[in-house]
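Note on naming: letters A, B, ... go to the chains in the order of the sequence lines (proteins, then strands), and numbering restarts at 1 for each one.
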Number of protein chains: 2
Amino acid sequence: MKIREKFTCPLELTHDVIKGKWKPIILWRLRLGEMSLSKLEKDIQGITQKMLLEQLKELMEFGFVNKKVYNGYPLQVDYFLTEPQGKRMIEALSIMQQIGIDFLLDRQSRAPIQE
Amino acid sequence: MKIREKFTCPLELTHDVIKGKWKPIILWRLRLGEMSLSKLEKDIQGITQKMLLEQLKELMEFGFVNKKVYNGYPLQVDYFLTEPQGKRMIEALSIMQQIGIDFLLDRQSRAPIQE
DNA sequence: CTGGATCCCGAATGATACTG
DNA sequence: CAGTATCATTCGGGATCCAG
């Protein structure tokens, strides 16, 4: 994904960053600290290595994620949130997470009792 | 859009709500208070009435927006953010807005000087 | 051989245009 | 305004490549 040049408002820019099925989840995972591709792949159920790499690449282009390469054997690469941009995004995602939780609770309380 | 039944994490739910090109912008506009369809259409450049209606409908289904119908002449319908859900979303969007602003400023400060 | 990364392509989904 | 057609973007599978 290329970064857009024209925006009506800055919100659109940020929305671009977390657009897509996986990006919010990846960022959300990375709040726990830096981790390898394989760990992310294990933690995020349903994602393929390919998707993960694609999305991480885009997040890096936007400057919200970065990576460290350890030249050892086996080769290891760790991904992490950038400071302050990546970390800042977690603030927004935290609220979204809470909204989601509240939504589910609220919905549950209205749901018919299942016996 | 139908609400998903299966989630890995609540974040996905909220992400569904602001998914799409226009929803965040619509919500963001509505933070200023209730307003009519035509006002929204004027304020959000580039949106068609059809898109606007579609997206508003989805936001209402999710419970983040609601509408009041005034039975007068001419008929008027005002859309507004729900309490507390819709208002809560504005908190998240505010952070995203700020991230977008910072991103642009930062990018600008690094850009080559144009003479 | 292992883990990281890219390419190609069809399928699914989303956005806009068109039309009555 | 709603229904449909068209166009663009995204998702995902799988093959493949590169580097220790």
Side-chain angles (χ1 to χ4, degrees), chain A residues 1-9 11-27 29-30 34-62 64-80, chain B residues 1-9 11-29 35-42 44-62 65 67 69-70 73-79:
Chain A
M1 188 195 302
K2 250 198 4 215
I3 195 154
R4 270 196 276 178
E5 291 303 327
K6 293 193 57 154
F7 299 93
T8 310
C9 106
L11 184 56
E12 290 185 63
L13 202 161
T14 314
H15 185 245
D16 274 1
V17 176
I18 57 165
K19 202 169 61 181
K21 182 173 175 178
W22 301 110
K23 292 206 198 74
I25 302 176
I26 294 171
L27 289 167
R29 275 278 134 194
L30 286 177
E34 66 178 63
M35 56 185 83
S36 67
L37 191 72
S38 52
K39 173 127 180 56
L40 280 169
E41 194 179 349
K42 242 187 317 178
D43 287 354
I44 302 176
Q45 65 155 293
I47 199 170
T48 63
Q49 194 191 43
K50 182 202 158 207
M51 273 295 128
L52 192 47
L53 278 163
E54 250 175 53
Q55 306 303 305
L56 281 167
K57 190 181 169 193
E58 290 184 16
L59 287 169
M60 286 192 287
E61 283 166 6
F62 278 119
F64 288 77
V65 167
N66 207 341
K67 70 177 172 182
K68 278 183 221 173
V69 180
Y70 298 98
N71 284 313
Y73 180 78
L75 181 65
Q76 193 180 332
V77 179
D78 273 6
Y79 292 86
F80 59 95
Chain B
M1 187 195 303
K2 253 203 356 222
I3 195 152
R4 271 196 275 179
E5 291 303 325
K6 293 193 60 155
F7 300 92
T8 310
C9 106
L11 184 54
E12 291 183 63
L13 200 160
T14 314
H15 185 245
D16 273 1
V17 176
I18 57 165
K19 203 169 61 183
K21 181 172 177 179
W22 300 110
K23 292 207 199 73
I25 302 176
I26 294 170
L27 289 168
W28 189 242
R29 275 280 132 194
M35 56 185 82
S36 66
L37 191 72
S38 54
K39 172 130 181 53
L40 279 170
E41 193 178 351
K42 238 186 322 177
I44 302 176
Q45 65 155 294
I47 199 170
T48 62
Q49 197 188 44
K50 178 185 170 158
M51 272 294 129
L52 190 49
L53 278 165
E54 245 174 59
Q55 304 303 305
L56 281 168
K57 189 178 166 197
E58 289 183 18
L59 287 169
M60 286 192 287
E61 281 166 7
F62 278 121
V65 167
K67 70 177 173 182
V69 181
Y70 297 97
Y73 181 78
L75 182 65
Q76 193 180 333
V77 180
D78 274 6
Y79 293 86

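At the heavy-atom level, A:Tyr79 lies under 4.0 Å from the strands shown only through sugar-phosphate atoms.
Rounded to whole angstrom, the span from the NZ atom of A:Lys19 across to the C1' atom of D:dA8 amounts to 11 Å. The separation between A:Lys57 atom NZ and D:dC11 atom C1' is 16 Å, rounded to whole Å. The distance between atom CG of A:Asp16 and atom C1' of D:dT9, rounded to the nearest whole Å, is 12 Å. Distance A:Ile26 CD1 to D:dT10 P: 15 Å, rounded to the nearest Å.
Considering only the side chain of A:Val77, C:dA5 comes nearest among D:dT10, C:dG14, C:dA5.
Between the CD1 atom of A:Ile26 and the CD1 atom of A:Ile47 there is a distance of 4.5 Å, given to the nearest 0.5 Å.
Closest approach of A:Tyr70 and A:Leu75 over heavy atoms only: O-CD1, 3.5 Å. Contact record, B:Met35 with B:Arg29: CE-O, 3.4 Å, taken as the closest heavy-atom pair. Between A:Gln76 and A:Ser36, the shortest heavy-atom distance links the atoms NE2-CB, 4.0 Å. Considering every non-hydrogen atom in both A:Gly20 and B:His15, the closest pair reads O-CE1, 2.9 Å.
Residue A:Trp22 places no side-chain N or O under 4.0 Å from the OP1 or OP2 atom of D:dT10. Close to C:dG14, at under 4.0 Å from its OP1 or OP2, lies no side-chain N or O of B:Lys21.
For the contact set between residues 39-56 of chain A and DNA chain C, defined by any heavy atom under 4.0 Å, the members are A:Gln49, A:Lys50, A:Leu53.
Here the side chains of B:Leu52 and B:Leu37 are in contact, with some heavy-atom distance below 4.5 Å.
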